Amino acid sequence: MKGRNRLRNSIFLALCCVLGLFGKRLISPFSNIITDSLHIPGGIATAFSLMFIVVAAGITGRKGCGTLMGAVQSVLALAFGMTGSMGILAPVGYILPGVVTDLMLTIPERGEKSGAVRIFLANTLSSVTAALTADLIVFRLPLPALALYLCVAASSGAVCGHLAVLLCERLTKVIGPGKEQGYQE
Amino acid sequence: MKQKKIVMIVTAVLLAITAIAAVIWLNIRPTVSEGDIVLVKNGTEQILDLSGLTLTDIDGTIVNGKGEERRINGKGVHLSDMIGASGFVQVRFAADDEYFAVVQADELDNAWLLISDDSARLIVFGDSNAKRDVKNVVRIEVI
């Protein structure tokens with residue numbers, strides 16, 4: 001039974017990795033409409049992409065899951081040439097948000113219903129981390145533009161964090177590892 | 001239920017802050033009329049009308065991030081015709097969304113501005129990826 005759970009979790013993690021990577025491409029044309037009108041170079045699609053990492057890490061409840069998934073995504077991105085403007089430094093942009101996701105999910109629980117805020121914070125702060133990393137490596141925006149860019153990243157991270165909470169609630173019932181390990185309603 | 005309320009409130013606050021930041025940025029950002037480019041050289045700003053530039057044919061191949069080759073064919077301006085061939089170290093090209101790329105003086109031979117639909121796009125032939133493929137260039141700073 002334990003082996004079957006592990007296999008199920010691994011398949012779920014792999015699926016979330018791929019969904020995160022390619023979901024970003026799918027949503028980019030729509031998010032670009034908003035970011036183009038704000039005259040900033042992005043910040044929305046990444047939050048959507050990170051949602052899958054947060055959901056996977058939240059449901060499986062495994063330590064280091066976010067970092068591992070970020071690392072796998074960065075290898076896939078390098079292999080498929082999906083590194084964008086970051087080039088060879090793209091792994092930094094994938095792994096750091098994963099690390100932040102893991103850190104947020106290790107926040108000690110307070111009370112029975114503690115999962116939602118941790119999931120929400122993980123998505124919001126990992127999105128901000130991804131935006132900051134992209135700015136440091138590529139964009140180096142002037143301060144007012146950077147402030148808006150980070151706000152957009154935080155807002156979209158928050159909206160996707162809300163979605164992640166809803167997804168965790170529903171998926172935990174189907175594929176969750178049990179209340180002792182992962183997301184708790 | 002209480003947690004979801006917190007999540008909703010924080011999301012609403014973040015959206016409100018973003019709206020304020022957007023209004024501020026859209027009011028203070030440097031704007032350039034469509035079809036114009038700001039050229040900053042020797043500390044002085046000059047507005048260039050793209051329709052007033054003398055265009056020549058551009059034909060070549062660039063490589064994108066996936067290693068795929070893409071043919072570039074159109075009308076544009078060679079950078080040395082626009083800013084001169086010497087007397088600077090590098091040129092910074094900024095797009096409308098603040099994305100920018102830098103071309104060093106010794107790379108000038110390969111650098112072009114492709115002009116189409118009142119919009120300028122930086123093309124640097126010979127690059128191994130499309131990092132310097134800056135679309136909708138609105139500002140050129142000669143440093």
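It should be emphasised that the depicted structure is a prediction, and the values quoted were computed from it without experimental measurement. In the text below, chain A, chain B and the rest are named by the order of the sequence lines, each starting its count at 1.
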For the [atom1] atom on [X], are there more than 12 heavy atoms of other groups (residues, nucleotides or ligands in this structure) within a distance under 6.0 Å?
{"X": "B/Glu34", "atom1": "CD", "value": "no"}
{"X": "B/Asp59", "atom1": "CG", "value": "yes"}
{"X": "B/Ile47", "atom1": "CD1", "value": "yes"}

- Test log, rule side chain to side chain donor-acceptor pair (under 3.5 Å), inputs B/Asp96 and A/His39: CA-CA 6 Å; B/Asp96 188 44; A/His39 303 282; 2.7 Å; yes

Group every Ile, Leu, Val, Met, Phe, Trp and Tyr by side-chain heavy-atom contacts under 4.5 Å, then state whether [X] and [Y] land in the same group.
{"X": "B/Ile83", "Y": "B/Val138", "result": "no"}
{"X": "B/Phe100", "Y": "B/Val134", "result": "no"}
{"X": "B/Val10", "Y": "A/Ile44", "result": "no"}
{"X": "A/Ile59", "Y": "A/Leu15", "result": "yes"}
{"X": "B/Val142", "Y": "B/Met82", "result": "yes"}

- Where do A/Phe139 and B/Asp97 land on the side chain to side chain contact (heavy atoms under 4.5 Å, CB included) test, with the steps shown first? CA-CA 10 Å; A/Phe139 302 133; B/Asp97 63 0; over 6 Å; no

Tell me, for [X] versus chain B, whether the close heavy atoms (under 4.5 Å) come from the side chain, the backbone, both or neither.
{"X": "A/Phe80", "result": "backbone"}
{"X": "A/Thr124", "result": "side chain"}
{"X": "A/Leu38", "result": "both"}

Rounded to the nearest 0.5 Å, what's the gap from [atom1] on [X] to [atom2] on [Y]? Could you check?
{"X": "B/Thr18", "Y": "A/Tyr149", "atom1": "OG1", "atom2": "OH", "value": "13.5 Å"}
{"X": "B/Lys4", "Y": "A/His162", "atom1": "NZ", "atom2": "NE2", "value": "7.0 Å"}
{"X": "B/Trp25", "Y": "A/Leu143", "atom1": "CH2", "atom2": "CG", "value": "10.0 Å"}
{"X": "A/Cys151", "Y": "B/Ile20", "atom1": "SG", "atom2": "CD1", "value": "9.0 Å"}

- Given the rule in the side chain to side chain contact (heavy atoms under 4.5 Å, CB included) test, do A/Phe120 and B/Thr11 qualify, once you have shown the distances and angles that lead to the verdict? CA-CA 9 Å; A/Phe120 172 76; B/Thr11 306; 3.3 Å; yes

- Could you check B/Leu14, B/Ile17, B/Val13 and say which one makes a side chain to side chain contact (heavy atoms under 4.5 Å, CB included) with A/Ser155? B/Leu14

- Which answer fits B/Ile28, side chain, backbone, both or neither, if we ask what part of it has an atom under 4.5 Å from a heavy atom of chain A? side chain

- Between A/Gly157, A/Pro41, A/Pro144, A/Gly161, which shows the greatest number of heavy-atom pairs under 4.5 Å with chain B?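 Of A/Gly157, A/Pro41, A/Pro144, A/Gly161, A/Pro41 has the most heavy-atom pairs under 4.5 Å with chain B.
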
- When heavy-atom pairs shorter than 4.5 Å are enumerated against chain A, which of B/Glu68, B/Met8, B/Glu98 gives the highest number?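 Going by pairs under 4.5 Å, I would pick B/Glu98.
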
